[in-house]
Amino acid sequence: MDTEEERPDIVDNGTQAEVNALRNLLSQLGDPDAAHEAGVIDDDSYIEQKAKKMAYTAALAAYDRGETPDVPALLGQMREQASKPTQTEQNTANIDYLLMTVGGDQ
């Protein structure tokens, strides 16, 4: 009968299963930025997919450091972060506002 000592290539624990599941989910997400820019997904779907991608990536990094992350809590934090405008979006809005108030023809 095979034991873990005889077959070290087989890891039988919940942590490895979680890591494998996260990698699988991450690979299924693709590129939310490209999908949103192409108009394939709406804003709400974009925020959810981007949050999942950031949460799963952060969780995998935590597992690599030997930590056990709280994936649902990470997902909540990343949803909040993903819903905030990016620096580029803020800059564009600021420029648009300045052009609107000051005028772009001067």
Side-chain angles (χ1 to χ4, degrees):
M1 176 175 234
D2 285 341
T3 65
E4 193 171 318
E5 293 172 0
E6 294 172 3
R7 306 253 341 241
D9 57 323
I10 297 176
V11 178
D12 186 9
N13 65 33
T15 301
Q16 188 62 48
E18 179 75 12
V19 167
N20 291 341
L22 287 170
R23 285 186 180 140
N24 186 25
L25 290 169
L26 193 57
S27 71
Q28 292 175 19
L29 284 174
D31 186 355
D33 292 319
H36 187 249
E37 287 178 25
V40 176
I41 57 175
D42 62 11
D43 291 341
D44 292 336
S45 295
Y46 168 71
I47 289 170
E48 185 64 21
Q49 287 185 15
K50 183 143 180 115
K52 285 179 180 179
K53 188 169 187 167
M54 291 188 309
Y56 299 160
T57 302
L60 287 171
Y63 278 122
D64 284 345
R65 292 188 305 270
E67 302 169 1
T68 303
D70 182 355
V71 178
L74 269 174
L75 187 55
Q77 292 171 353
M78 296 307 173
R79 278 187 186 115
E80 186 177 318
Q81 186 175 341
S83 65
K84 293 178 182 176
T86 64
Q87 187 64 48
T88 302
E89 291 170 336
Q90 289 175 347
N91 292 347
T92 301
N94 289 342
I95 291 168
D96 289 345
Y97 177 76
L98 286 172
L99 290 174
M100 182 178 69
T101 56
V102 176
D105 296 333
Q106 298 177 3

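A quick note: this is a predicted structure, and the numbers were derived from the prediction, not measured.
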Heavy-atom check, side chain of Pro72 versus side chain of Leu75, under 4.5 Å: no
Group every Ile, Leu, Val, Met, Phe, Trp and Tyr by side-chain heavy-atom contacts under 4.5 Å, then state whether Met54 and Leu74 land in the same group. yes
Kindly compute the distance separating CD (Gln49) from CG (Asp31), expressed to the nearest 0.5 Å. 10.0 Å
Student check: side-chain heavy atoms of Val71 and Glu18 closer than 4.5 Å: yes
Mark yes or no for whether Ser45, through its side chain, and Ile41, through its backbone, hold a donor-acceptor pair below 3.5 Å. no
Hey, which of Leu99, Asn94, Thr101 is the one that makes side chain to side chain contact (heavy atoms under 4.5 Å, CB included) with Tyr97? Thr101
dist Ile95:CD1 -> Met100:CE (nearest 0.5 Å) comes out at 13.5 Å
Reported CG-to-OG1 distance for the pair Leu26 and Thr57, which is rounded to 0.5 angstrom: 4.5 Å
Ala82 versus Ala51, closest heavy-atom pair with distance: CB-N, 4.0 Å
Single-linkage hydrophobic cluster Leu29~Val40, side-chain heavy atoms < 4.5 angstrom: no
Between Gln90 and Gln87, is any pair of side-chain heavy atoms under 4.5 Å apart? yes
Nearest 0.5 angstrom please: Asp70 CG to Gln77 CD, how far? 8.5 Å
Are Tyr63 and Leu25 connected in a single hydrophobic cluster, I mean Ile/Leu/Val/Met/Phe/Trp/Tyr linked by side-chain heavy atoms less than 4.5 Å apart? yes
When you compare the side chain of Lys52 with that of Glu48, does any pair of heavy atoms fall below 4.5 Å? yes
Do Arg23 and Val19 touch side chain to side chain, with heavy atoms closer than 4.5 Å? yes
What distance separates Lys50 NZ from His36 NE2, expressed to the nearest 0.5 Å? 10.5 Å
Please report the interatomic distance CG(Asp43) to OG(Ser83), rounded to the nearest 0.5 Å. 11.5 Å
Min side-chain heavy-atom separation Tyr46-Asp42 under 4.5 Å: no
